[in-house]
Number of protein chains: 2
Amino acid sequence: MATGRTHRPATRSRGIPEATVARLPLYLRALTALSERSVPTVSSEELAAAAGVNSAKLRKDFSYLGSYGTRGVGYDVEYLVYQISRELGLTQDWPIVMVGIGNLGAALANYGGFASRGFRVAALIDADPAMTGKSVAGMAVQHADDLEKIVDENGVSIGVIATPAGAAQQVCDRLVAAGVTSILNFAPTVLSVPDGVDVRKVDLSIELQILAFHEQRKAGDAADEGEVPPAAGGVGVEGPAAKVTKAAPSGGSDRKGPDGDVPAVMPA
Amino acid sequence: MATGRTHRPATRSRGIPEATVARLPLYLRALTALSERSVPTVSSEELAAAAGVNSAKLRKDFSYLGSYGTRGVGYDVEYLVYQISRELGLTQDWPIVMVGIGNLGAALANYGGFASRGFRVAALIDADPAMTGKSVAGMAVQHADDLEKIVDENGVSIGVIATPAGAAQQVCDRLVAAGVTSILNFAPTVLSVPDGVDVRKVDLSIELQILAFHEQRKAGDAADEGEVPPAAGGVGVEGPAAKVTKAAPSGGSDRKGPDGDVPAVMPA
DNA sequence: CCTTGTGAAGGAGTTCACAGCA
DNA sequence: TGCTGTGAACTCCTTCACAAGG
């Protein structure tokens, strides 16, 4: 997950597990592709493959939405597209504001994936006066001074922060004060928000670090020994096959101290 | 999660849970900030607050790495920075290639968060001949024809895909064939890779859709009854009955039927 | 005392496997 | 017959609460 959660301590809300919600967009994308190819129905097996999950999980996910399938047949593509869209709230218009129009912000503004899902970029905001008035993705960048007014006039409830880390919390506070209740944060910093506000984060460097962790392990395994033949583990798409990743050499319980490692960067 | 998991279902590796690995970069960032302020030690409570998690979770996470703290005192900041860096494999150099230098790819190339964590952009690759030779983030963009050579000569094991969805799988296949074993995918598509290759994905539109889901719920709650001031009814907090959508209390299985919902903002 | 480290309890999410229905 | 929908088992993660130890 490149993303972060935030709210929902104890609520049950309506019962759809968070993990399921996170997969609905995936199903929707796969279904949309099928719809464009005019495929009328699809089985859980096929759809699961297209979405990169396993079929039992998919069926369980759909069961939280209701019984939208037909036994012996599968799911009606168009119907499911509609139901999932509705569940996700994509049948309505979501005006969003984007704050911080640097490299990343501009790239996001140009990203086409928004509009196609009911999201409409209502305004681009930047604190740099030099940016004000410039056209990015066909829109004039507005100055941060007008943030509150922009949020209010456009009825914005979702904000995207793509500012430098140092400015993120302040921007966040202003967005929240202006009425925004959902924030997508690209700045590499932890945002604190009051209850009732959702924050999700996307952090590129965190994703790479997680990959590096596994990459390092692979390298270590390979070097460590030649063992560990096919076991059970797969990568992305299904695959009951094997993954390598090695098992801990020791069962050692005394983990204290570095494992005889190079102290290298130890503090002064 | 904006991200996707991928491998390791059954392996125990060295025992560090995936959820913990995903948080290590967060701790590292917080620790780095403390280190820059020359703070010598930190308690689990303080560090947890800075990282946005709760302290019990943080202590449990650290317990998987070893006993690096001192009871009654806390953790030595510099020492922890080093241990986590080592655990994540950041004490070594990771050359990465970025494929697809469009708006997003260029923004990523300019992103400073990579270098600071041991990641080095070894090459920028694009399939468009018009891009070849152009300078982006101080590097000359190379043509996709040379992908294999580039990966091989630079010993690249991590690739970043920022191409359009249609080209992603093909690029992915070539990267993998060339020896890349970890991929960070920004293209809105599911990649299939052989066992042993890790894929993580970042999808902007998915993140927004998840926010929209919760946003929609909030709106429904508020409308349902007389608001909900900044009390305890907000978002995650309890919400007695779920007004929206059916809930089929009894073991009843007849959830069928489309929306038993409030039409609310339904489009035409 | 104060804070870590951790067994144990509690939840959440996933997978299994099969009953149920078209 | 074929595929959905789902109880139940299982695995993974989180939280609690307290013993251990500086």
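Because the structure is a prediction, the values reported are computed rather than measured. Here is how names work: the chains are called A, B, and so on, in the same order as the sequence lines, proteins then strands, and each is numbered from 1.
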Visitor: Looking at A:V81, is its backbone amide N or carbonyl O close enough to the side chain of A:S85 to form a donor-acceptor pair, meaning the two atoms are under 3.5 Å apart?
Guide: yes
Visitor: Phosphate oxygens OP1/OP2 of C:dG20: is one of them under 4.0 Å from a side-chain N or O of A:R59?
Guide: no
Visitor: Between the axis at one end of the helix from C:dC1-D:dG22 to C:dA22-D:dT1 and the axis at the other (five pairs apiece), what's the angle to 10 degrees?
Guide: 10°
Visitor: Between A:G72 and A:D61, which is nearer to the 5' end of DNA chain D once each is assigned its nearest nucleotide?
Guide: A:G72
Visitor: Ignoring hydrogens and angles, does a donor from either the side chain of B:R71 or the base of C:dT3 sit under 3.5 Å from an acceptor on the other?
Guide: no
Visitor: Locate the shortest heavy-atom distance separating B:P194 from B:V176; write the atom from each residue and the value.
Guide: CG-CG1, 3.7 Å
Visitor: Would the distance check show the side chain of A:Q209 and the main-chain N or O of A:S205 forming a donor-acceptor pair, the cut-off being under 3.5 Å?
Guide: yes
Visitor: Can you tell me which residue among B:L34, B:V77, B:T41 is in a side chain to side chain contact (heavy atoms under 4.5 Å, CB included) with B:L47?
Guide: B:L34
Visitor: Just to confirm, is there a sub-4.0 Å distance from OP1 or OP2 of D:dT14 to any side-chain nitrogen or oxygen of B:N54?
Guide: no
Visitor: State, with a plain yes or no, whether a side-chain heavy atom of B:Q169 is found less than 4.5 Å away from one of B:T189.
Guide: no
Visitor: Describe the nucleic acid contact of A:Y75 in one word from base, sugar-phosphate, nothing, applying a heavy-atom distance below 4.0 Å.
Guide: sugar-phosphate
Visitor: Is there side-chain contact between B:L184 and A:L208, with heavy atoms separated by less than 4.5 Å?
Guide: yes
